[in-house]
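Taking it in order: structure first as structure tokens, then the write-up.
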Amino acid sequence: MNSILNKYNSLINNNKQQPNQNQQPMFLQQINNPQYWINLFNTFLSNLVKIILLSIFFWLLYKFGKKIVGRVTYNLRTNATSSNRSRTIATLTQNIYFYFLAFIYIYMVLSIMGAPVGTLITGAGIFSLALGLGAQGFVSDVVTGFFILVEQQFDVGDSVSVGDISGTVAYIGLRTTQIRSADGTLNYIPNRNITIVKNLSRGNMTTVIDLQLFPRTNIKKVTQVLEQVNNNLTPHVPDLVQAPKLIGPVDVQAGLLHYQISLNTKNGAQLVVKRQFLEAYLAALQQANISMPENTLDLTQ
């Protein structure tokens with residue numbers, strides 16, 4: 001009896017250890033199961049509806065944000081803001097807003113589809129780090145250009161001085177700024193190199209005329225002549241903010257007396273007004289027989 005039971009148990013163990021040759025793999029079982037296709041179709045349809053609704057929502061959100069940016073840009077133009085700056089700010093803001101929405105949209109779509117978003121973000125972070133290291137100058141130009149526009153440091157048409165370059169601003173961009181010098185040269189300056197800007201077109205300007213006289217010159221007579229010129233010429237110069245101010249003798253250098261006059265003018269007109277008054281001063285001093293020093297070239301040595 002025991003031997004029969006042992007044979008029966010060994011037969012059962014052998015059947016358990018030997019796989020069934022007619023059994024199908026799990027993948028084939030799923031394919032052949034109709035419920036698998038029903039579940040797959042329901043999941044696909046559900047994800048498709050979610051993506052369509054999400055796309056409509058982000059499209060409406062983008063349109064709404066674009067409208068807000070357009071309204072803000074219109075307000076900038078009505079407030080006498082430079083049209084170039086307002087267009088650039090509008091374009092930049094729209095691009096930043098679009099890319100922000102696009103990043104969130106792609107992230108949510110991948111999450112709905114079940115993609116490993118965390119792994120993708122890690123890979124994208126490594127790629128972005130490598131790209132950022134190679135484009136540091138470009139990013140710095142864009143960021144600096146954005147703050148130049150927002151802070152209204154200068155506008156197109158302003159007379160500025162950036163480092164060793166002086167002239168009129170011809171173009172303001174997010175990467176470069178173009179300045180045209182007095183001789184017609186068009187200078188392209190990367191925005192990251194613009195650290196200190198001298199804007200000569202904001203508010204009234206002050207220029208100083210420095211007359212060189214002999215120390216023995218009669219200062220009272222010089223003052224009377226200059227005051228007479230100011231009284232006669234000031235009403236005919238509309239770019240003057242106020243009457244010229246006679247500072248008087250300020251220093252003696254190289255045997256010459258320096259007599260200065262301060263002119264307060266509108267921005268951009270300081271050089272023209274300075275030439276007008278300097279010409280009138282020199283003519284009046286010569287007519288009053290006040291001798292002026294002259295630079296002579298010594299060829300004896």
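Fair warning: this is a prediction, and the values are worked out from it, not measured in the lab.
For the pair V237/Q276, a side-chain contact is recorded, criterion being any heavy-atom separation below 4.5 Å from C-beta on. Looking at S161 and V197, their side chains never come closer than 4.5 Å, going by heavy atoms from C-beta outward. T195 places none of its side-chain heavy atoms less than 4.5 Å from the side chain of V162. Using a 4.5 Å cut-off on side-chain heavy atoms (C-beta onward), V273 and T207 make no contact. At least one side-chain heavy atom of F277 sits less than 4.5 Å from a side-chain heavy atom of N230. Here the side chains of V160 and I179 are in contact, with some heavy-atom distance below 4.5 Å.
By the 6.0 Å contact criterion, CG on D164 is open, its count of non-hydrogen atoms from other residues, nucleotides or ligands being 12 or less. By the neighbour-count criterion of 12 heavy atoms within 6.0 Å, atom CZ of F57 is sparsely surrounded, having that number or fewer from other residues, nucleotides or ligands. The 12-atom threshold is exceeded at CG of L53, counting heavy atoms of other residues, nucleotides or ligands nearer than 6.0 Å.
A donor-acceptor pair is defined here as one N or O able to donate and one able to accept, closer than 3.5 Å; no such pair exists between the side chain of D158 and the backbone of F154. N264 contributes no side-chain N or O that, together with a main-chain N or O of Q242, makes up a donor-acceptor pair within less than 3.5 Å. No donor-acceptor pair under 3.5 Å is formed between the side chain of K274 and the backbone N or O of A269.
I52 and W59 end up in the same hydrophobic cluster when Ile, Leu, Val, Met, Phe, Trp and Tyr side chains are linked at under 4.5 Å. Cluster membership for L101 and F103, using ILVMFWY side-chain heavy atoms within less than 4.5 angstrom, is shared. The cluster map of Ile, Leu, Val, Met, Phe, Trp and Tyr, joined by side-chain heavy atoms under 4.5 Å apart, puts I148 and Y188 in different clusters. Cluster membership for F214 and L282, using ILVMFWY side-chain heavy atoms within less than 4.5 angstrom, is not shared. Hydrophobic clustering, with ILVMFWY side chains joined whenever heavy atoms are under 4.5 angstrom apart, groups F100 together with F98.
Screening T144, T176, D141 against R192 for a side-chain hydrogen bond (donor to acceptor under 3.5 Å, both in side chains) leaves a single residue, D141.
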Give the intermediate values and the outcome of side chain to side chain donor-acceptor pair (under 3.5 Å) for residues H258 and D210. CA-CA 6 Å; H258 292 260; D210 189 4; 3.0 Å; yes
Verdict with supporting geometry, Y259 and T223, side chain to side chain donor-acceptor pair (under 3.5 Å): CA-CA 10 Å; Y259 191 107; T223 302; 2.9 Å; yes
Can you list the steps and then say if Q260 with L211 is a side-chain contact (heavy atoms from CB on, under 4.5 Å)? CA-CA 6 Å; Q260 293 184 351; L211 294 176; over 6 Å; no
I'd like to know whether I51 forms a side-chain contact (heavy atoms from CB on, under 4.5 Å) with V49, so could you lay out the CA-CA distance, the side-chain angles of the two residues, the decisive distance to 0.1 Å, and finally the verdict. CA-CA 5 Å; I51 292 175; V49 172; over 6 Å; no
Worked check of side-chain contact (heavy atoms from CB on, under 4.5 Å) between F58 and I104: CA-CA 9 Å; F58 273 88; I104 301 298; 3.7 Å; yes
side-chain contact (heavy atoms from CB on, under 4.5 Å) between V169 and Q178, worked out: CA-CA 6 Å; V169 179; Q178 301 176 16; over 6 Å; no
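For the residue pair T265 / N204, no side-chain donor-acceptor distance below 3.5 Å is found, with atom types taken as modelled.
Atom CD1 in I261 sits 12.5 Å away from atom NZ in K245 (nearest 0.5 Å). How far CG of L271 is from CG of L263: 11.0 Å, rounded to the nearest 0.5 Å. Within the model, atoms OG1 of T234 and CG of N232 stand 8.5 Å from one another, a figure rounded to the nearest 0.5 Å. For the atom pair CE (M205) and OG (S159), the distance works out to 8.5 Å, reported to the nearest 0.5 Å. Note: Q153 CD to T177 OG1 = 9.0 Å, rounded to the nearest 0.5 Å. The line from CG of L285 to NZ of K221 is 9.5 Å long, rounded to the nearest 0.5 Å.
What you find for N231 and P235 is that their closest heavy atoms are O-CD, 3.4 Å. Residue L186 comes nearest to A170 through the heavy atom pair CD1-CB, 4.0 Å, listed as atom of the first residue, atom of the second, then distance. In terms of heavy atoms, N187 sits closest to T185 at ND2-O, 3.5 Å.
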